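Note sheet for the following structure.
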Amino acid sequence: MSTRKPGSKELPIGAVVTKSSMEYETGDWGVEKPQIDLEKCTQCTLCHYFCPEGAITVNDDGYPEVQNNYCKGCGICAEECPVKCIEMVRMK
Ligand code: SF4
Ligand code: SF4
């Protein structure tokens with residue numbers, strides 16, 4: 001008897017998301033929010049790419065902006081910022 005586990009393409013579909021996740025504002029989950037010191041920010045945009053929630057956008061001037069309605073306060077952006085200009089601040 002084979003003990004091979006099925007690959008991802010063989011698994012049945014578990015769920016289908018039919019709405020945009022933009023409708024689900026999950027930002028009130030977190031107790032901390034990132035505060036960015038724009039004077040030190042080098043506009044590298046790594047925080048934008050590392051945020052698992054897509055909660056950091058980049059404005060027309062090239063600076064990151066945290067969308068608090070979607071930020072869950074995980075702190076990954078602060079951890080990954082190469083110049084450490086993001087501080088997690090307790091909000092609750
Ligand atoms: S704290 Fe987490 S969810 Fe919030 S902006 Fe940073 S990486 Fe994204
Ligand atoms: S990772 Fe840090 S330096 Fe880079 S854009 Fe974000 S806040 Fe600015």
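Source: prediction; values computed, not measured. Both ligands and their constituent atoms are indexed starting at 1 by order of listing.
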Using modelled atom types only, decide if a donor and an acceptor are shared between the side chain of D61 and the backbone of Y63 within a distance under 3.5 Å.
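Between the backbone of Y63 and the side chain of D61 there is no qualifying donor-acceptor contact (under 3.5 Å).
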
K33 (side chain) donor-acceptor with N68 (main chain) under 3.5 angstrom:
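Pair found, side chain donor or acceptor close to backbone of N68.
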
Would you say C47 has an N, O or S atom lying under 2.8 Å from atom 6 (Fe) of ligand 2?
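Yes - counting backbone and side chain alike, C47 has an N, O or S atom under 2.8 Å.
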
Tell me: protein heavy atom nearest [atom], and distance?
| atom | result |
| --- | --- |
| atom 4 (Fe) of ligand 2 | C44 SG, 2.3 Å |
| atom 8 (Fe) of ligand 1 | C51 SG, 2.3 Å |
| atom 7 (S) of ligand 2 | C85 SG, 3.5 Å |
| atom 2 (Fe) of ligand 2 | C81 SG, 2.4 Å |
| atom 3 (S) of ligand 1 | K72 N, 3.4 Å |
| atom 5 (S) of ligand 2 | T45 N, 3.2 Å |

Do T26 and K72 make a side-chain contact, defined as non-hydrogen atoms from C-beta onward lying under 4.5 Å apart?
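Yes, at least one pair of side-chain atoms sits under 4.5 Å.
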
Heavy-atom check, side chain of C85 versus side chain of I36, under 4.5 Å
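Answer yes - side chains close enough.
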
For K40, does the NZ atom have more than 12 heavy-atom neighbours from other residues, nucleotides or ligands under 6.0 Å away?
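Counting neighbours around NZ of K40, 12 or fewer heavy atoms of other residues, nucleotides or ligands fall under 6.0 Å, so no.
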
Check this for me: E23, atom CD, are more than 12 non-hydrogen atoms of other residues, nucleotides or ligands nearer than 6.0 Å?
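Yes.
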
In ligand 1, which numbered atoms sit nearer than 4.0 Å to a non-hydrogen atom of [X]?
| X | value |
| --- | --- |
| C71 | 1 (S), 3 (S), 4 (Fe), 5 (S) |
| M88 | 1 (S) |
| E53 | 3 (S) |
| G73 | 1 (S), 4 (Fe) |

Would a hydrophobic clustering, with Ile, Leu, Val, Met, Phe, Trp and Tyr connected at side-chain separations under 4.5 Å, put I86 with L38?
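In one cluster with I86: L38, yes.
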
Option with minimal heavy-atom separation from atom 1 (S) of ligand 1, where the choices are G75, A55, A78
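Considering heavy atoms of G75, A55, A78, the nearest to atom 1 (S) of ligand 1 sits in G75.
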
As an exercise, identify every atom of ligand 2 less than 4.0 angstrom from a heavy atom of [X].
| X | value |
| --- | --- |
| I36 | 7 (S) |
| P82 | 1 (S) |
| I86 | 7 (S) |
| V83 | 3 (S) |

Is ligand 1 less than 4.0 angstrom away from at least one heavy atom of P52?
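So P52 counts as touching ligand 1.
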
So is E80 in contact with ligand 1, going by heavy-atom distances below 4.0 Å?
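Judged by the 4.0 Å heavy-atom criterion, E80 does not count as contacting ligand 1.
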
To the nearest 0.5 Å, what is the distance between [atom1] on [X] and [atom2] on [Y]?
| X | Y | atom1 | atom2 | answer |
| --- | --- | --- | --- | --- |
| E87 | E32 | CD | CD | 9.5 Å |
| E80 | C51 | CD | SG | 11.5 Å |
| L11 | K5 | CG | NZ | 11.5 Å |
| N59 | Q43 | CG | CD | 8.0 Å |

Looking at atom 4 (Fe) of ligand 1, is one of the N, O or S atoms of C74 less than 2.8 Å from it?
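Within the cut-off used here (under 2.8 Å), C74 places no N, O or S atom near atom 4 (Fe) of ligand 1.
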
Residue portion contacting ligand 2 (non-hydrogen atoms closer than 4.0 Å) for I56
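None of I56 does.
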
Please state which part of C77 comes within less than 4.0 Å of ligand 2, counting heavy atoms only: side chain, backbone, both or neither.
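Neither; nothing of C77 gets under 4.0 Å from ligand 2.
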
Over all atoms of both residues, closest heavy-atom pair of V66 and C71:
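The pair with the smallest heavy-atom distance is CG1-CB, 4.0 Å.
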
State, to 0.1 Å, how close A78 and M88 come at their nearest heavy-atom pair, and which atoms those are.
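That closest heavy-atom pairing would be CB-CG, 3.9 Å.
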
